[in-house]
Amino acid sequence: RIQNDFWFLGNEFLQSQPRHGQHSKLGVQSGVDSQGSDNLSDRVNELRKIEEQAKLQALVKAALSLDGDASDMVTLHLVGQTDLPTTSLDVTQLCLVLAQGDPQTSGVDRDESGASEPEPCLLTPLVRDWHLKPIQAAYANVPLSQPVLLRLNTILVNRDDSMWDNLPWASWTVDPEQRNRDAAGNNIDPKFHLGKRDAFAIMCGKDWSFKAGSQAVSLLTDQLKEKISSDKLDSDSSNADDVQSQALLAKRLLEMQIREMEMNVAELDYQLAIMEKTSPNGAGTLEFQKEELVVGVEAMKEQLDEVNSLEKLSKPTKNGTPADLIQGILQLVQDQRRSPAPYRGATGYAPYSSKDRSFTSPYDMLADIIDNQLKAQVIGCVLEDTSLFDGTIALGGALVLRRKTAQKSISLSGQAYTVDDEEEDFGNAGVEGGEVFVVECDVDEAVGISLSTKVPLQISSELWTRSSVMTKPGVEATAISGKPILGTWEVSDSELSILAEGEARNQSATERVAPLRIPRTTASLYDSMFSERPSDSSSTDSRTEAFPTDNPIKSLAELDGLTNQDKARTLLSMSNFQGRLPRPRTVKQAQARKDTSNPLNELLIPLIDESVRRQYLIRDAEQRGDLDLARELKQNRSARQRAQEAAEQARESGNDDSFEQWEKEAEFLESLRADVTQDEGSYSRFLDRDDWYERERRQHASKLDKKKFGTLLDGIE
């Protein structure tokens with residue numbers, strides 16, 4: 001595959017090169033001149049770039065299980081925005097317009113009247129309208145000010161189950177000092193890892209030039225160094241002004257460092273309080289960090305007391321001359337900040353020692369975090385079909401990350417060479433250089449990362465053919481202050497509307513439906529503040545059930561008979577399912593690997609009838625050879641499941657009376673349960689009905705003559 005892609009990508013380049021007998025065009029003659037050598041070297045480097053591009057393309061296709069060679073992929077670019085009608089006549093759906101080919105040529109073809117010619121485009125719906133703002137910033141590609149960037153960052157990070165949540169924060173965040181391990185060297189719970197929280201702090205403005213905080217300590221340290229160097233204070237100096245000016249700087253430096261360390265202690269106390277409730281055994285590392293900080297704070301407070309006395313007396317102290325004291329303070333502060341931060345914004349470290357840069361969008365800032373904190377490179381931005389239903393296309397984005405390989409210098413025969421360091425894992429055990437990770441995201445997020453990293457946005461030619469519609473430029477957007485703005489495009493078919501995934505075509509507000517559907521997503525807390533709750537006009541009772549009332553799968557045979565599409569429809573119909581369905585690619589890859597369960601089963605099994613779930617788990621344990629687990633599951637069966645199995649055995653043996661008796665018993669036991677989808681004992685037993693009371697109540701109710709009460713007892717057993 002790599003060879004095929006390499007041939008496709010380099011074919012035009014190779015065809016443009018001179019054939020045999022045309023060496024004069026290359027500058028290669030009997031005596032090769034310097035210009036000819038340079039040209040040949042440039043062409044060799046160009047071929048190497050093409051080969052590397054082919055390798056990256058092959059990695060992307062392998063990670064996403066894409067078939068074919070490079071010619072099967074279509075490169076897209078963002079050209080504008082448009083609105084499409086939905087099922088409601090008064091509501092439109094904002095969509096991004098993605099075109100094929102050169103961005104400079106889209107929308108420039110004109111007919112005889114001068115109007116723009118329609119061209120095939122993808123109309124990809126946005127989850128929320130305000131998600132367009134970060135895309136507009138990435139499209140403009142102009143450095144943003146602090147307030148604007150921070151406001152846009154909140155839109156990117158407050159999205160559930162999308163790119164921000166799916167990045168490998170816990171496993172790929174560099175950890176050279178093993179902060180995410182306990183005293184025994186074991187990994188702590190991933191939810192207590194610092195990577196994602198550090199990245200969130202960076203997106204909120206931590207450790208950048210517009211954020212003061214700990215950078216004041218670095219500034220004061222540099223000022224004190226310069227002051228000592230200029231004054232050249234020594235043991236026999238009697239210049240009181242120099243001593244006091246240096247003492248003032250040292251005092252301010254200590255105060256700032258103490259304040260910062262006390263804030264870090266308070267933050268560690270907060271984390272320890274959480275871990276005591278959730279994971280008490282994982283608090284060892286945090287307690288050790290807190291002890292170190294507390295000791296450091298006490299040492300600095302002692303030095304601060306001496307500086308206060310030095311300001312007043314200007315005489316030698318118990319620790320030596322004033323020069324010795326100030327040099328000791330400087331060394332103490334530097335020792336507290338001696339460990340360089342492994343990445344920008346790392347908790348507990350000094351500010352990252354690199355020149356700050358400006359960012360053009362939240363995606364630009366996130367790309368920098370991926371590069372420095374995750375030590376990863378974005379090698380692919382692909383749009384793929386996320387719908388499990390035949391005849392329905394709902395696009396989603398997928399980013400392909402490749403872990404960087406560490407470099408080291410070696411010396412051979414007096415020459416220095418740079419080679420790959422295969423043993424360096426940046427503190428992430430089990431993560432090797434060159435490893436590939438797929439990040440699932442929304443379409444607009446893939447577009448934003450593509451714009452920021454200059455990685456081409458691609459889609460398979462088959463999906464492009466099935467999904468594209470004819471669109472043409474409408475109102476041209478005028479640049480504001482030199483910033484390009486997305487223009488508005490118009491769909492050629494005015495009767496085209498868009499439906500959500502799972503909606504029927506007869507619900508369309510217009511005659512024809514767009515080939516792409518609006519993906520089903522989980523609204524985040526941030527989004528739900530601006531979303532209206534759907535109301536049911538046919539229901540007068542606004543109360544919600546405490547437990548799910550739907551139980552669609554009644555037997556293991558019924559579960560086994562479901563196809564992937566059936567399982568997807570079942571999940572979407574269940575009231576206790578909250579989340580996104582897995583993508584077809586994920587299901588396909590899991591089925592190809594024999595040691596991996598179906599992702600749909602992982603979502604469906606916890607939500608179905610507890611007796612069916614236990615039968616499935618028992619069978620799975622027996623197939624894997626885990627007989628101890630199978631035995632434990634059988635011993636812990638509920639009374640309801642035992643009655644169901646007894647009824648099934650009686651039916652198979654032909655004992656109809658016993659079958660009816662056990663079936664009624666199973667139905668009775670089911671009526672006692674508040675939620676039959678949860679394991680017996682997993683919630684408070686006081687939520688269930690009492691067995692003895694319900695049996696006596698039914699016994700008394702069976703003796704009543706309901707005809708005497710008219711309709712009063714209708715529906716009561």
Side-chain angles (χ1 to χ4, degrees), residues 63 153 156-204 206-207 267-268 270-289 341-349 352 365-378 398-406 424-441 445 449 522 524-525 579-580 582 586 590 596 599 602-603:
N153 285 350
L156 179 62
V157 301
N158 287 288
R159 296 174 69 164
D160 283 347
D161 230 2
S162 196
M163 177 175 62
W164 180 261
D165 289 340
N166 294 334
L167 284 166
W169 300 115
S171 57
W172 280 29
T173 295
V174 295
D175 187 22
E177 296 191 6
Q178 305 295 306
R179 297 183 303 157
N180 296 318
R181 295 177 181 267
D182 58 19
N186 302 314
N187 280 319
I188 62 176
D189 194 319
K191 64 184 177 182
F192 295 113
H193 286 199
L194 300 174
K196 188 176 182 180
R197 199 187 73 181
D198 289 343
F200 182 80
I202 297 172
M203 298 295 282
C204 292
K206 179 184 177 184
D207 209 0
E267 179 65 24
L268 288 174
Y270 172 73
Q271 296 180 41
L272 286 169
I274 295 176
M275 295 192 73
E276 286 177 0
K277 298 293 184 182
T278 56
S279 181
N281 296 329
T285 302
L286 296 181
E287 290 177 349
F288 178 74
Q289 293 179 4
Y343 53 86
R344 187 182 298 276
T347 300
Y349 291 91
Y352 196 69
M365 194 172 194
L366 181 60
D368 183 78
I369 294 174
I370 292 174
D371 179 66
N372 290 285
Q373 181 173 331
L374 303 183
K375 296 297 181 186
Q377 173 191 8
V378 180
L399 307 180
V400 182
L401 307 184
R402 184 176 68 167
R403 183 63 178 253
K404 294 181 179 179
T405 302
E424 177 59 54
D425 58 5
F426 300 106
N428 307 130
V431 180
E432 300 178 353
E435 185 173 330
V436 173
F437 188 91
V438 177
V439 181
E440 295 183 355
C441 61
E445 294 174 321
I449 291 294
T522 304
S524 67
L525 176 63
R580 298 192 187 206
T586 307
T596 306
E602 295 178 0
L603 294 175

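By convention here, the first residue in the shown sequence is residue 1. Just so we're clear, the structure is a prediction, and the values are computed from it rather than from any experiment.
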Original post:
Less than 4.0 Å between a side-chain N and a carboxylate O, is that true for Glu445 and Arg159?
Top reply: yes
Original post:
Taking side chain as C-beta onward, heavy atoms only, is Glu440 less than 4.5 Å from Pro582?
Top reply: no
**OP:** Taking the side chain as every heavy atom from C-beta outward, state whether Asp161 and Asn166 have any pair of such atoms under 4.5 Å apart.
**Re:** yes
Original post:
Hey, is the main chain of His193 close enough, under 3.5 Å, to the side chain of Asn180 for a donor-acceptor pair?
Top reply: no
Subject >> Gap between atom CD1 of Ile369 and atom NZ of Lys196 - 0.5 Å precision >> reply: 12.5 Å
Original post:
Looking only at heavy atoms, which two atoms of Phe200 and Val157 are closest? And how far apart?
Top reply: CE1-CG2, 3.7 Å
Original post:
Of all heavy-atom pairs between Met365 and Ile202, which one has the smallest distance, and what is that distance?
Top reply: CE-O, 3.3 Å
Subject >> Any side-chain heavy-atom pair of Thr173 and Leu374 under 4.5 Å >> reply: yes
Original post:
Tell me, which pairs form a side-chain hydrogen bond (donor to acceptor under 3.5 Å, both in side chains) where one or both residues lie in residues 424-437, sequence neighbours left out?
Top reply: Arg403-Asn428
Subject >> Closest non-hydrogen atom pair between Ala429 and Arg181, with its separation >> reply: CB-NH2, 3.3 Å
**OP:** Return the minimal non-hydrogen interatomic distance between Met163 and Leu156, and the atom names on each side.
**Re:** CE-CD1, 3.7 Å
Original post:
Do the side chain of Gln373 and the main chain of Gly195 share a donor and acceptor less than 3.5 angstrom apart?
Top reply: yes
Subject >> pair Leu401-Val378: side-chain heavy atoms closer than 4.5 Å >> reply: yes
Original post:
How far apart are the closest heavy atoms of Lys404 and Ala376, and which atoms are they?
Top reply: CE-O, 3.9 Å
**OP:** Would you check if Leu366 and Leu167 make a side-chain contact, meaning some heavy-atom pair closer than 4.5 Å?
**Re:** yes
**OP:** State which residues pass side-chain hydrogen bond (donor to acceptor under 3.5 Å, both in side chains) with Ser171; sequence neighbours excluded, sorted by chain then number.
**Re:** none
**OP:** Would you name the heavy atoms of Gly434 and Thr405 that are closest together and state the gap between them?
**Re:** N-OG1, 3.6 Å
Original post:
For Asn187, what residues pass the side-chain hydrogen bond (donor to acceptor under 3.5 Å, both in side chains) criterion, not counting sequence neighbours?
Top reply: none
